[in-house]
Amino acid sequence: MLVFIARRLFVSLWVFLAATAVMFILAANANDPLEEARQLPDNEREAALATITERMNLDKPVLIRYLLWLGSAITGDLGVNRQGQDVNAMLGTAFPATLQLLAAATVLAIVFGIAIGVISALRQYSAFDQSVTFVAFVCFSLPLFWVGTLLKQYIAVDINDWLRDPTLSLVMVVALSLLAGAVCSGVLVVDRRTRWTVFGVTAGAMAVLLLVLSATGWFADPGLGPVVVALTAFAGAVAITTLVSGLDFTSAPMRAALVSAGVGVVCYFAFGPVLNDPNLLTLLLLALLTAAVCAGIGWFFGGELFRRQAIPAAVLTGLFTAAVIFVDRVLQAFAGYAAHSRIRGRVISTIGPSTPNFEGTFWQHSLDSAGHLLLPTLALVLVSLASYTRYTRASMLEVMNQDYVRTARAKGLTERAVITRHALRNGMIPITTLTAYDIGTLIGGAVITERVFGWKAMGTLLQEGIEQGDPMPIMAFFLVAGGAIVVFNMVADIAYAFLDPRIRLS
């Protein structure tokens with residue numbers, strides 16, 4: 001493995017170096033950087049031309065300019081752009097904005113895409129599978145700029161208007177209840193009678209819940225409260241343990257997960273003062289403490305035989321409970337955030353990464369970031385979700401027809417074990433390639449999304465460099481985007497060996 005990694009690093013370094021040379025030559029010939037200066041009045045033209053020529057070394061051959069840039073880049077200095085701005089500072093501003101914009105969209109697309117793809121494969125040619133296929137192809141074919149415009153109109157404008165008097169009409173309650181019932185019954189791999197039962201129970205429960213929430217004004221001042229937090233935590237413990245080790249309430253992993261959920265509920269009250277207005281570092285430390293305590297709980301309850309299942313079940317349950325508490329705190333800050341003088345009820349924003357000059361608590365700032373991220377994240381997820389869904393479905397269908405999967409079923413293994421331990425693990429190999437490539441390319445930014453929603457990030461850095469014929473911002477973009485592609489492709493190769501022991505990297 002170490003020999004493989006060293007060889008890949010050596011080869012990738014030379015490939016990347018050659019790519020930077022090609023990119024610099026292309027960037028240097030993309031546009032004329034002196035075009036704007038030539039249009040200045042006579043008394044300013046010569047001085048501007050001389051300044052730009054000296055700043056960009058335009059009096060030297062392009063190969064010499066590349067070598068000068070390479071020497072500076074090796075030391076960490078990416079130079080200045082045509083206007084004399086420090087490119088390091090520009091990259092330092094653009095890269096965090098790109099991570100903020102794309103991190104949530106990428107994670108959501110991967111998680112939900114894989115989950116929906118697996119369910120579609122298990123329910124092949126069912127109504128759920130056909131619906132997912134139709135929606136996936138529709139979303140994949142939509143132009144991103146058009147999706148962004150529709151989201152601005154029907155999500156931002158309409159929901160912001162609705163929040164002035166957030167009550168649900170009977171038509172909305174019926175539509176949402178039927179949709180919830182259809183989704184819940186569609187994902188179950190059971191007989192038709194059971195699906196209809198699940199559909200009716202889910203739709204009825206959802207209708208009652210929505211009517212109660214609308215009548216009590218919950219949408220204007222939301223929050224979960226300790227009872228909902230506790231119920232959600234214990235339900236999450238059961239669901240997580242079912243995925244990890246199976247549904248058995250007497251098993252050690254289930255006991256460890258339930259105890260972790262109980263500890264999380266106790267901490268909901270114990271850490272109340274700390275969570276009133278924390279900072280990000282405090283929350284990260286609490287997350288690490290949660291993982292450590294839950295790992296200890298899993299180690300204690302798992303014993304020598306079940307620790308491999310009990311520890312991940314306990315840790316995942318603890319982190320899930322922490323996430324529920326985080327959501328509860330954010331929702332509790334909603335009313336104060338919506339009434340803020342800088343917001344005035346328009347909680348879903350359409351431009352930029354944050355509200356200018358906004359001052360508030362940590363939770364209100366979290367709501368502000370979420371409100372600005374909602375539309376671009378949703379636009380990117382809708383477009384990316386189709387790829388993960390279709391690739392996962394195709395890969396799972398191919399794997400589930402293999403002999404070793406039929407052998408696993410013949411040995412008497414449960415369907416959960418067959419799917420999670422055998423089919424899904426091997427079916428994830430092509431998805432790993434797709435994921436690594438997508439993460440690497442997305443780090444380069446989303447030019448159209450940034451333009452539609454007014455973000456200044458990596459895509460904007462590239463676009464402005466091309467328009468101005470300035471190689472320095474373009475090369476800064478390429479260093480990050482190209483480097484990410486090389487690194488994540490190497491990570492994908494290494495992940496193959498862990499997903500499929502038959503693959504040996506040597």
* **Test item: side-chain donor near acceptor, S349 and H372, under 3.5 Å** => yes
* Asked: Going by atom types only, do Q463 and E467 share a side-chain donor-acceptor pair under 3.5 Å?
  -> yes
Heavy-atom pair with the smallest gap, counting every atom of [X] and [Y]:
| X | Y | value |
| --- | --- | --- |
| L91 | M458 | CD1-SD, 3.6 Å |
| P376 | L101 | CB-CD1, 3.4 Å |
| I348 | I159 | CD1-CG2, 3.7 Å |
| L461 | A476 | CD2-CB, 4.4 Å |
| M206 | A180 | CE-CB, 3.9 Å |
| T202 | C184 | CG2-SG, 3.6 Å |

Looking at side-chain heavy atoms only, is the closest gap between [X] and [Y] below 4.5 Å?
| X | Y | value |
| --- | --- | --- |
| M90 | M472 | no |
| Y388 | I110 | yes |
| W162 | D158 | no |
| W218 | V212 | no |
| R329 | N276 | yes |
| V383 | L142 | no |
| T389 | R393 | no |
| I114 | Y391 | no |

Taking [X] for the side chain and [Y] for the main chain, is one N or O donor matched with an acceptor at less than 3.5 Å?
| X | Y | value |
| --- | --- | --- |
| S141 | V138 | yes |
| T98 | A94 | yes |
| S214 | L211 | no |
| T392 | G117 | no |
| Q309 | S245 | no |
| Q364 | T361 | yes |
| K152 | V452 | yes |
| N88 | L78 | yes |
| N489 | I485 | yes |
| D470 | R82 | yes |

* Asked: Ring centroid separation for Y337 and F358, is it under 6.0 angstrom?
  -> yes
* Asked: Are W363 and F326 near enough that their ring centres are under 6.0 Å apart?
  ->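 Here the rings of F326 and W363 have centres that are less than 6.0 Å from each other.
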* Does the side-chain contact (heavy atoms from CB on, under 4.5 Å) test come out yes or no for L224 and T232, once each step is laid out? -> CA-CA 10 Å; L224 300 180; T232 306; 5.7 Å; no
Distance, nearest 0.5 Å, that separates [atom1] of [X] from [atom2] of [Y]:
| X | Y | atom1 | atom2 | value |
| --- | --- | --- | --- | --- |
| T460 | W455 | OG1 | CH2 | 11.0 Å |
| L385 | R390 | CG | CZ | 11.0 Å |
| F128 | I119 | CZ | CD1 | 5.0 Å |
| C294 | I311 | SG | CD1 | 11.5 Å |
| Q130 | R123 | CD | CZ | 11.5 Å |

Using a cut-off of 6.0 Å, state whether more than 12 heavy atoms not belonging to [X] lie near its atom [atom1].
| X | atom1 | answer |
| --- | --- | --- |
| F140 | CZ | no |
| W196 | CH2 | no |
| F219 | CZ | yes |
| E359 | CD | no |
| F362 | CZ | yes |

* Can you tell which of L375, T350, L150, N160 makes a side-chain contact (heavy atoms from CB on, under 4.5 Å) with I155? ->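 Exactly one option meets the side-chain contact (heavy atoms from CB on, under 4.5 Å) with I155, and it is L375.
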* For the side-chain contact (heavy atoms from CB on, under 4.5 Å) test, which of V147, T377, L144, L102 pairs with T449? -> L144
* Pairing of R342 and D368 as salt bridge, 4.0 angstrom limit ->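 Salt bridge: no.
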* Before accepting this row, confirm whether a basic side-chain N of the pair D161/R346 lies closer than 4.0 Å to the acidic partner's carboxylate O. =>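 So D161 pairs with R346 through a salt bridge.
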* Full working for side-chain contact (heavy atoms from CB on, under 4.5 Å) between L275 and T282 -> CA-CA 9 Å; L275 296 176; T282 301; over 6 Å; no
* Take E450 and K456, measure what side-chain contact (heavy atoms from CB on, under 4.5 Å) needs, and give me the verdict at the end. => CA-CA 7 Å; E450 293 173 17; K456 297 289 186 180; over 6 Å; no
